[in-house]
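Comments concern the structure below.
These figures come from a predicted structure and were not determined experimentally. We count ligands from 1, going down the list as the structure has it; atoms in each ligand are counted the same way. Scope of the values below: all heavy atoms of this structure, side chains included, with no hydrogens, waters or symmetry mates.
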Amino acid sequence: MIGIDPDRDRLEKIRKAEAPFFEPKLKECLADTIAEGVFSVADDSSVNMRSDLAYIAVGTPSSEDGSIDLTYVKNAAAAIGQSICDTTHYQLVVVKSTVVPGTARTLVKPVLEIESGKAAGKGFGLCSNPEFLREGNAVRDAELPDRIVIGGEDVDAITRLENFYKEFHGEPTPPVIRTTHESAELIKYANNAFLAMKVSFINTIANIAERTPNADVKAIAQGIGLDERIGSKFLNAGLGWGGSCFPKDLRALVRYSKSLHYDPELIEAIVATNEKQKRRAVELARQALGSLKGKRIAILGLAFKPETDDMREAVSIPLIRGLLTEGANVVAYDPAAMQNARAIFRDRITYASDPCGCLDQADCCIIATEWHEFKTITPRIFLERMRHPVVIDGRRIYNADEFSSEGIRFMGIGLGPKAS
Ligand code: UGA
């Protein structure tokens, strides 16, 4: 295996078996494969000429109008095409990147054909093979995927890739969906849109529950999640979804739909619901403290979710910006994302070196990411450390009754007022 990337600093790190970002088990995987001599890296794409299988796994960021920017995909296809133009052996090219329907057929294939001088299906094969791995769980998801989706127009290429995965995963092989390029490409967007919809749905119910005496979204999520047609996953209400995938992919799906002269109202509503949800914690802080001017607000959790240092489109960013606009003094802590946070907020906020220190003299604490280590902070610690014990549990990690009975003003996403 050889990984090709133009970023030399990144390659240097990988050569030393250092993961370029925080991801559980990645460091160990890198160390093992490098020590076994089965993985190396290069910045020169011509080394690809000897390989049997070439993955395009580059980023597909949002353009300014929200549509997908396919520049990196195009460049990668061109580099692969050039690298195989003088070879005689068959290479299977696989599009792993998230791309809008039509990309493999109308962009990747012609670029490969022009640059290689070969015809798809003869000189090389082409498949679409979206990935579904989650940050924070990427190694496990790669080893044990729920399913494998392979799209293409060439039965032989699809079969070759299916056989590769059969060998890679062994028995039992995860279910394989064989389909067209376009369906495979759309499956990826539909998957992320559906998951984002589930979260925005439960956040909507949370907002209704917050206005309903004695209601609790956690009980509601449990109640509906046991219905097998709904399922219990992705029903954790919170401050909204973020990350490098859902926001970008939903925007791209909206733009793609509109390019087909179709208004995807449901998808737009999922995004709008999330934008509103991101403001919820500031509203709750205002409700608890009145004016936020000069108030010290502790933020526990900055990464877009636990087990990652990734802050791309993290909900903590608009949350902190909203608090700063209201004149609050923000002190923040995250077990993994402090470096990324410093690059974003610089000296506009204070950085704590541990979660309990973050609470010192705070007028309010907001839980923005549900890191495991925050779950063990007891009500007593909040009471001892904070100036005013106001806790806004944006991820519902604490027991509301326990906190309230200890004298903490406890507000939770999706928690209705107590009434008899
Ligand atoms: C997501 C998908 O889950 C992966 O299947 C997909 O491969 C990936 O995008 C991608 O397109 O590359 P990821 O962005 O790593 O993975 O994160 P998720 O675990 O899906 O969480 C996304 C956001 O939803 C996070 O901000 C998380 O806090 C939020 N979320 C998730 C909730 O608020 N509640 C939930 O119940 C679940």
(request) Mind jotting down which protein residues get a heavy-atom contact under 4.0 Å with ligand 1? Chain and number order, please. (result) Glu131, Phe132, Leu133, Arg134, Glu135, Lys188, Asn192, Leu195, Val199, Phe234, Leu235, Asn236, Trp241, Gly242, Cys245, Phe246, Asp249, Phe304, Lys305, Arg395
(request) For this output row, return yes or no: ring centroids of Phe403 and Phe382 closer than 6.0 angstrom. (result) yes
(message) Going by the rule salt bridge (Lys or Arg N to Asp or Glu O under 4.0 Å), which residues pair with Asp263 if we only count those two or more places apart in sequence or in a different chain?
(response) Lys258
Under 3.5 Å, which donor-acceptor pairs do the side chains of residues 9-18 form with other protein atoms, sequence neighbours left out?
unit_1: Glu12; atom_1: OE2; unit_2: Arg15; atom_2: NH1; d: 2.8
unit_1: Arg15; atom_1: NH2; unit_2: Val41; atom_2: O; d: 3.4

(message) Taking the basic N atoms (NZ, or NE/NH1/NH2) and the acidic carboxylate oxygens, is any pair closer than 4.0 Å for Arg286 and Glu326?
(response) yes
Less than 3.5 Å apart, which donor and acceptor atoms pair up between the side chains of residues 101-111 and the rest of the protein, not counting sequence neighbours?
unit_1: Thr103; atom_1: OG1; unit_2: Val100; atom_2: O; d: 2.6
unit_1: Arg105; atom_1: NE; unit_2: Glu182; atom_2: OE2; d: 2.6
unit_1: Arg105; atom_1: NH1; unit_2: Glu153; atom_2: OE1; d: 2.8
unit_1: Arg105; atom_1: NH2; unit_2: Glu182; atom_2: OE1; d: 3.0
unit_1: Thr106; atom_1: OG1; unit_2: Gly102; atom_2: O; d: 2.5
unit_1: Lys109; atom_1: NZ; unit_2: Glu153; atom_2: OE2; d: 2.7

(request) Answer yes when Arg280 and Glu210 have at least one side-chain N-carboxylate O distance shorter than 4.0 Å, and no when they do not. (result) yes
